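This is a predicted model, so every value here is computed, not measured. Computed from heavy atoms alone, side chains included, the values below leave out hydrogens, waters and symmetry copies.
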Amino acid sequence: MAYINSYKDPNGNDFMNTLAFLPVSREEMLSRDWYYYDFLLITGDAYIDHPSFGAAIISRVLEAQGYRVAILAQPPYRNASAIKAMGKPRYAALVTAGNLDSMVAHYTAAKKPRSEDFYSPGKKTKLRPDRATTVYTKLVKEAFPDLPIIIGGLEASLRRFAHYDYWDDCVRHPILFESGADLLIYGMGESAIIEVARKLSSKSAMHTITDIRGTAYIAQNAEICSFPSVACASFEQVSTDKKEYARAAMIQFDEHDPTRGRAVIQRCDGQYMIVNPPTKPLFEKELDSVYGLPYTREVHPMYDRAGGVPAIDEVRFSVIHNRGCFGACNFCALAFHQGRIVSSRSHESVMKEVQAFVGHHEFKGYVHDVGGPTANFRRPSCKKQQKNGICKNKRCLSPEPCKEVDADHTDYLTLLRKLRNIPGIKKVFIRSGIRFDFLMLDKSKEFFAELVKHHISGQLKVAPEHCISKVLGYMDKPKNSAYERFSEKYKQLNLKYGKEQFLVPYLISSHPGSTVSDAIALAEYLNKQKRQPEQVQDFYPTPGTLSTCMYHTGIDPRTMESVYIPHTTREKMIQRALLQWKRPENRAIVSRALREADRGDLIGYGKQCLIRPEKRAKKG
């Protein structure tokens, strides 16, 4: 790694600047003899040059194409002075809120401010604004009024259509209309950003860039669309008619397919939001190329005095080996962002990345994770997907697995074996979520055995989410019997190999369709299983998911039938407390809820009881 001399930043602070990072200030650009640069990338996260962060990937991809890219991370957002100080780039500003939607980063499911931000130096909060993509875009327009602005990242991706916003409890405009940006890149944007950069560098006008997959733009005339298209209900319709919102959400979900998907057009304020079909998944060599770029895999040294950036800790010695998820849970944003077609890196690419860990001064021999959106997916779920795309109105794994699903884990197992044999590697763990129902379809059983023997660091994360079939159906999760079979087999294998390793089941309370009675039934089930979950997540209605559509409309968009929604703060509190009934702070809530539901049989001293009767104060 090459270094240059330390210098003082505009605030008079000394810090070491390394040439291995991209420049983060005008001074750094000048120190490299950059008297011009091509793209300014503004991000709501601290600058971490690691392929787990979208800003790092996009900037390195552009750099590999010969463009000069500067990073402006978490700029002050009261005025445009920090942006002006960078100087105007030749082609465009690229704006992202970061790895998370900024509202999710700032607020809990109860809409309370979070006390920490792991994507900021020293976990400090408020270093990025609410609705960061829109705020940053407007600041760029103030600084450089005629500069093209391209937005991307998760926040922009999930808000590309008119969308229900949980924090304002209303339907908001597509984010291009709110922000005033010129173009939106959604999903995994490497292919799209390269095409956009080539057009801009060849002097194409911004308004003519309308034919690139994975992009969205505003047009005066819908006929400008370059792809076969379908219209969904307008902003005006979906903001006033919940049935139209549900129908539009289903169209948007169905067309999010790189093979059979069409462009989706949504009228808004007398103009048209045109969302082109998704980009094609990167082939193995293309993915290898992206992950083989010269990332430092470190936090920029300007954060050293602030205590670093905690988000690096879990990923510094982890590897992403795949993309996409055909699990397609209704509450998960992945299906609407990365998509449902799985693609993977080569063994050689993953091994090369892990081999580089060995020379790191902090590496202790433990690879923390070889995973991704779902760790045990390595390719499309069936051969038909590669030619025809994802089946419309059908899911691969729920409520029952499709007969066409190929659950062979041989390739993933072979990769893990190779990694275990690298000199200097003591253990290779899997900490990303395992899709347990998919694992149980693997007839060879070798992977499950080696998972238990070699790849669990004390506990394994799985996500049954609930046990009631009706609720699981609204989540688009497999029936609970699949989890029970998995749990029993996991227990047997741990006994067989002399292991004491735990399952950590993730559960969601107050999901659309879940009643207090369902929460009580789940608590009973967990009690019989002798499990007290450590982690329970209140359903969080994030933009773009089908579950969020249900929450807002009270309609299941797949069937257009009504669905029960636990809306009140009190009911959400009750459902969450029921799933953690042993906690002292929850006992009074649980006792009251059980009595109100006429389930006093669960209050007592029997094995089936959740809590004991409240002690009465002695007289006198």
When every non-hydrogen atom of Leu139 is compared with those of Ala80, the smallest separation belongs to O-CB, 3.5 Å

With a 4.5 Å heavy-atom cut-off, do Glu465 and Val471 have their side chains touching? no

Check salt bridge (Lys or Arg N to Asp or Glu O under 4.0 Å) between Asp369 and all other residues, then give those that pass, not counting sequence neighbours. none

Within the 3.5 Å criterion, strictly below it, is a donor on His337 or Ser157 matched to an acceptor on the partner's side chain? yes

Can you see which heavy atom on Ala519 is nearest to which on Leu578, and at what distance? CB-CD1, 3.8 Å

Residues 186-195 side chain polar contacts: donor-acceptor under 3.5 Å, at least two apart:
residue	atom	partner	partner atom	Å
Tyr186	OH	Asn276	O	2.5
Tyr186	OH	Pro277	O	3.3
Glu190	OE1	Arg323	NH1	3.1
Glu190	OE2	Arg323	NH1	3.1
Glu190	OE2	Arg323	NH2	2.4

Among residues at least two apart in sequence or on other chains, which ones pass salt bridge (Lys or Arg N to Asp or Glu O under 4.0 Å) with Lys461? none

Salt bridge (Lys or Arg N to Asp or Glu O under 4.0 Å) filter on Arg131, not counting sequence neighbours, yields Asp165, Asp168

Residue pairs passing the salt bridge (charged side-chain N to carboxylate O under 4.0 Å, His left out) test with at least one member in residues 324-336, sequence neighbours excluded, are none

Answer whether the closest heavy-atom distance between the side chains of Gln537 and Ser509 falls below 4.5 Å. no

In terms of ring plane angle, is the pair Tyr551 and Phe539 parallel, tilted or perpendicular, where the classes change at 30° and 60°? tilted

Distance check, rounded to the nearest 0.5 Å: Glu571 atom CD versus Thr515 atom OG1? 7.5 Å

Could you tell me whether the side chain of Arg172 reaches within less than 4.5 Å of the side chain of Cys170, counting heavy atoms only? yes

Contact check, side chains of Leu397 and Ser381, non-hydrogen atoms, under 4.5 Å: no

Just by distance, no angles: are the side chains of Tyr107 and Asp130 close enough, under 3.5 Å, to form a donor-acceptor pair? yes

Salt bridge check, Lys243 against Asp241: does any charged N sit closer than 4.0 Å to a carboxylate O? no

Contact between Thr568 and Lys572 at the side-chain level, heavy atoms closer than 4.5 Å - yes or no? no

State yes or no: are the ring centers of Phe336 and Phe253 separated by less than 6.0 Å? no

Should His163 and Gln252 be marked as a side chain to side chain contact (heavy atoms under 4.5 Å, CB included) after you check the CA-CA gap, both sets of side-chain angles, and the distance that decides it? CA-CA 11 Å; His163 55 279; Gln252 294 157 15; over 6 Å; no

Please assess Leu472 against Asn480 for the test side chain to side chain contact (heavy atoms under 4.5 Å, CB included), listing each intermediate value before the final yes or no. CA-CA 8 Å; Leu472 291 169; Asn480 191 55; 4.2 Å; yes

Keeping to residues at least two apart or across chains, list the salt bridge (charged side-chain N to carboxylate O under 4.0 Å, His left out) pairs with something in residues 204-217. Lys199-Asp211

I'd like to know if Arg395 pairs up with Asp476 as an ion pair, taking the criterion as any Lys NZ or Arg NE/NH1/NH2 lying under 4.0 Å from an Asp or Glu carboxylate oxygen. yes

Any donor and acceptor pair, going by atom type alone, linking the side chain of Asp257 with main-chain N or O of Ile390 inside 3.5 Å? yes

Could you state the interatomic distance from CD1 (Ile185) to CG (Leu94), rounded to the nearest 0.5 Å? 7.5 Å

For Ala70 and Met86, the nearest pair of non-hydrogen atoms, with its separation, is CB-CE, 3.8 Å

Test item: side-chain donor near acceptor, Thr125 and Asp117, under 3.5 Å: no

Side chain to side chain contact (heavy atoms under 4.5 Å, CB included) between Gln74 and Thr43, intermediate numbers included: CA-CA 6 Å; Gln74 298 185 322; Thr43 174; over 6 Å; no

Trace of the side chain to side chain contact (heavy atoms under 4.5 Å, CB included) decision for Val309 with Ser120: CA-CA 6 Å; Val309 182; Ser120 294; 5.9 Å; no

Would you please name every residue forming a salt bridge (Lys or Arg N to Asp or Glu O under 4.0 Å) with Arg160, sequence neighbours left out? none

Pairs involving residues 559-570, ordered by first then second residue, that meet salt bridge (charged side-chain N to carboxylate O under 4.0 Å, His left out) (sequence neighbours left out): Arg570-Glu596

Side-chain heavy atoms of Thr96 within contact of Asp45, under 4.5 Å: no

Could you walk me through whether Lys477 and Asp437 satisfy the salt bridge (charged side-chain N to carboxylate O under 4.0 Å, His left out) test, starting with their C-alpha distance in whole Å, then the side-chain angles of each, then the deciding distance to 0.1 Å, before giving a yes or no? CA-CA 10 Å; Lys477 295 289 290 185; Asp437 51 334; over 6 Å; no

Of all heavy-atom pairs linking Ser343 and Leu287, the shortest is OG-CD1, 3.7 Å

Which side-chain N or O atoms in residues 145-156 pair as donor and acceptor under 3.5 Å with protein atoms at least two apart or in another chain?
residue	atom	partner	partner atom	Å
Asp146	OD1	Lys88	NZ	2.7
Asp146	OD2	Lys88	NZ	3.2
Glu155	OE1	Ser102	N	2.8
Glu155	OE1	Ser102	OG	2.5
Glu155	OE2	Ala132	N	3.4
Glu155	OE2	Thr133	N	2.9
Glu155	OE2	Thr133	OG1	2.7

Establish, yes or no, whether a centroid distance under 6.0 Å links the rings of Phe438 and Phe326. yes

So, do Tyr164 and Tyr245 have ring centers that fall under 6.0 Å from each other? no

Specify the closest pair of heavy atoms between Asp518 and Ser514, including all atoms of both residues, with the distance to one decimal. OD2-CA, 3.6 Å

Please name all residues satisfying side chain to side chain donor-acceptor pair (under 3.5 Å) with Gln65, sequence neighbours left out, ordered by chain then number. Arg198

Contact between Asn388 and Arg260 at the side-chain level, heavy atoms closer than 4.5 Å - yes or no? no

Could you go through residues 217-225 and list every donor-acceptor pair under 3.5 Å that involves a side-chain atom there, pairing it with any protein atom two or more places apart or in another chain?
residue	atom	partner	partner atom	Å
Asn221	OD1	Glu223	N	2.9

Over 12 foreign heavy atoms within 6.0 Å of NZ, Lys126: no

Has Lys111 got its NZ or CZ under 6.0 Å from the middle of the six-membered ring of Tyr166, at an angle within 45 degrees of the ring axis? yes

Under 3.5 Å, side chain of Asn330 to main-chain N/O of Thr548, donor-acceptor pair present? no

Shortest non-hydrogen contact from Gln580 to Pro533? NE2-O, 3.2 Å

Result block: side-chain N/O donor-acceptor pairs under 3.5 angstrom for residues 262-270, not counting sequence neighbours:
residue	atom	partner	partner atom	Å
Arg262	NE	Glu255	OE1	3.4
Arg262	NE	Glu255	OE2	3.4
Arg262	NH2	Glu255	OE2	2.7
Gln266	OE1	Ala162	N	2.9
Gln266	NE2	Ala233	O	3.0
Arg267	NH1	Tyr272	OH	2.5
Asp269	OD1	His173	NE2	3.4
Asp269	OD2	His173	NE2	3.0

Hey, does Tyr91 have a side-chain heavy atom less than 4.5 Å from the side chain of Tyr67? yes

